[in-house]
Amino acid sequence: MSIVQPCEYYGLDNFIENIKKVQVSNVLIKRGALKEAFEGTLTVEGHTVILQIVLPKHFPLKKPMFILKEPQIFGFIPHVEPDGFICYSHDEGLLLDQNNPSGILYEAYYRAVNTLKDGITKKNHTDFQKEFESFWSRQKNKIQIDSIFSPGEAFKRINVYIDDKTGKTVVVENLAGETNQYLKTLYGCNVAEDFQHYQGIYIPLRESAAIVPPAYTEFWNIKQIRKIVFENISTSNKKQLSSYLNRRVFRRKEKEFILLSFPIQEGQRILFGILLSDFHNKPNIKSRYPYLHPLKRNEIACDIVPLSIKRHDRNYLLNRTQGNNKLSDKKVTIVGLGSLGSRVAFELARAGVRRFTLIDEDILDVDNVFRHELGIRHLYWKDEKKYVKISKALAMALEMSHRFPSLSIDYEEEDILELMEKKLELIIQSDLIIIAIGSPTIELYLNEKFYQMDKVPPIIYTWLDPLGIGGHALLSNNNGERYGCLQCLFTHPDDSTHLMSNKASFVAAGQFLGKTLAGCESVFTPYGSVDALQTAIVATRLAVKTLNYEVLDNPLISWKGENTELVTNGYRVSNRYNLTSEQLYDYRHLYKSENCPICEKDNNNDL
């Protein structure tokens with residue numbers, strides 16, 4: 001009986017020459033717990049190199065690693081780390097067939113070799129630009145700083161604040177209102193008072209394939225930096241930069257922060273920086289004092305340190321989500337901040353909406369903390385020597401401002417009916433109104449009043465069915481389309497003067513599903529937090545599409561859950577529940593009632 005060697009078992013000997021097993025302790029890099037390691041020779045584009053193949057402890061659940069034993073043998077090429085690690089694929093979304101370890105190894109090897117080939121032949125040279133910030137962050141002696149500065153296309157002066165105790169450094173354009181509030185939230189202090197202030201400049205560069213990061217083993221000198229700047233700057237920015245350099249001089253211990261950027265695609269710019277400090281004469285050269293700017297003349301020496309930037313600017317962060325900057329100038333009014341409305345508010349903020357009007361007169365109560373976006377931290381407000389309960393509107397405004405300091409939030413702690421009489425403009429001066437109060441009577445009243453007015457924005461009504469069976473979001477008054485409103489769902493097909501049960505509901509009419517745990521004052525509709533979350537997702541998606549003008553009509557969007565709990569408790573589902581999810585979407589406009597007394601089709605055709 002022959003003994004199968006590990007190299008043969010994994011099939012490594014089929015594509016790696018002179019393969020042999022080596023001790024894990026001989027592996028050049030330490031990237032987590034390791035299982036086995038091998039070493040052999042590989043020929044790529046005429047170069048023969050020693051390659052290490054390392055299997056992580058949980059292989060084949062985790063991908064194998066390939067390492068160049070001589071990291072710099074091919075020079076500086078994309079996707080080869082300073083320690084020789086070949087980054088041949090991303091982990092996110094990676095699917096590995098754990099029952100085929102040899103297949104995983106072969107596929108990984110194929111990708112690793114192609115990565116090297118593309119680097120040697122410069123086929124992937126543009127990856128230097130795409131991943132510039134990542135390369136820059138691996139420079140030796142780098143300093144990591146925070147930045148709330150949004151890089152644009154114009155030369156600017158910037159402000160830098162440094163905490164002497166911790167070294168924490170942040171770059172801003174200025175300490176205006178929302179930036180100052182963001183910093184207070186981020187650092188828990190007044191940056192203007194507690195940090196040391198320095199100045200610097202921002203230089204936007206044009207798109208250029210010549211801008212590549214310095215190799216890991218070296219860094220740019222001031223002559224190279226000057227060349228990169230002046231060969232890749234627009235005429236107008238060059239004029240402003242030259243004017244600044246003509247005036248700027250330094251004493252020995254001063255600092256000069258320089259941020260640079262260049263575009264990689266529409267709306268996105270790479271951002272990186274350098275710090276100049278410890279200005280002094282070059283050997284055998286005595287310069288005038290105070291010293292001229294090193295970017296102007298090559299007369300003095302200084303220390304140059306790369307700045308790795310952790311970006312906090314809103315545009316950059318939104319690009320990392322499905323949020324978009326088109327929503328930043330939108331304003332949304334949300335009426336009702338319970339388990340549903342509170343989640344919609346937060347999700348719209350995450351999507352990019354910056355301005356809100358929040359309306360709810362109710363007090364946040366402990367009864368709802370397991371269904372609400374807020375928790376027990378918001379139940380009380382300490383007022384001098386006593387604790388008082390606060391409204392959902394105030395609590396939401398405080399928490400949203402804490403999480404997203406750039407938001408502009410107005411709030412009202414008054415009944416919506418009173419506000420309709422006294423502060424109507426506060427409600428309708430928005431790009432979208434969302435109603436999530438869970439009261440059909442009041443919602444129908446609001447629907448009627450809004451239809452009697454001019455210049456009312458689109459309105460979304462959103463609500464849940466009980467016991468996890470579903471939830472709904474109805475858009476009305478969208479793009480001036482008046483046909484299709486909340487009243488349509490309650491209009492009897494034969495007699496429009498009488499209300500019928502909501503025909504969107506998945507629960508059969510004529511059943512009361514409310515529950516009480518402590519008498520009449522505690523009656524509530526039974527649904528779970530997940531149900532509210534799912535409905536909030538539906539409502540938020542509809543809201544975002546509406547604000548982006550991607551919805552042309554007034555649809556009714558519903559999600560359908562399981563009916564097990566409802567049926568187990570002796571209740572019946574409606575006929576609409578029997579529709580498939582695909583049918584619910586296909587029929588999203590068929591709820592409209594031709595004899596609706598509010599948006600009646602024939603009457604609205606003449607509007």
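- Closest heavy-atom contact between N479 and V551: ND2-O, 2.9 Å.
- No side-chain heavy atom of V191 sits under 4.5 Å from any side-chain heavy atom of L186.
- In this structure, R354 CZ and S406 OG are separated by 4.5 Å, a value rounded to the nearest 0.5 Å.
- The local environment of OH in Y106 is sparse, with at most 12 non-hydrogen atoms from other residues, nucleotides or ligands closer than 6.0 Å.
- The shortest non-hydrogen separation linking N124 to G119 is OD1-CA, 3.3 Å.
- Within the 3.5 Å criterion, the main-chain N or O of E173 finds no donor-acceptor partner in the side chain of K156.
- Taking a 6.0 Å sphere around NZ of K545, one finds it holds 12 or fewer heavy atoms contributed by other residues, nucleotides or ligands.
- Applying the 6.0 Å contact sphere to CD of E45 captures more than 12 heavy atoms from other residues, nucleotides or ligands.
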>> Run F279 and F250 through ring pair (Phe, Tyr, Trp, His ring centres under 6.0 Å) and show every step you take.
In response: CA-CA 7 Å; F279 300 93; F250 299 96; 4.3 Å; yes
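- Looking at heavy atoms from C-beta onward, Y244 lies in side-chain contact with H293 at the 4.5 angstrom threshold.
- Listed for the E218 side chain is no donor-acceptor partner under 3.5 Å among the backbone atoms of A215.
- For T115 and R111, the side-chain atoms include no donor-acceptor pair closer than 3.5 Å.
- Screening K296, R248, R157 against E256 for a salt bridge (charged side-chain N to carboxylate O under 4.0 Å, His left out) leaves a single residue, R248.
- The ring of F219 has its center closer than 6.0 angstrom to the ring center of W136.
- Around the CG atom of N141, the shell of radius 6.0 Å holds no more than 12 heavy atoms that belong to other residues, nucleotides or ligands.
- Remark: the backbone N or O of S208 is not paired with any side-chain donor or acceptor of N232 at under 3.5 angstrom.
- Taking both residues in full, the closest heavy atoms of G40 and I16 are given as CA-CG2, 3.6 Å, listed atom of the first, atom of the second, then distance.
- Between P458 and D431 the shortest heavy-atom distance is CD-O, 3.5 Å.
- Side-chain atoms of Y198 and T169 include no donor-acceptor pair closer than 3.5 Å.
- The closest side-chain heavy-atom distance from R269 to E153 is below 4.5 Å.
- Both cation-pi conditions hold for R588 and Y585: the charged atom is under 6.0 angstrom from the six-membered ring centre and inside a 45 degree cone around its axis.
- Heavy-atom neighbours of Q583 CD from other residues, nucleotides or ligands within 6.0 Å: above the threshold of 12.
- Closest approach of A108 to F66, counting heavy atoms only: CB-CE1, 3.6 Å.
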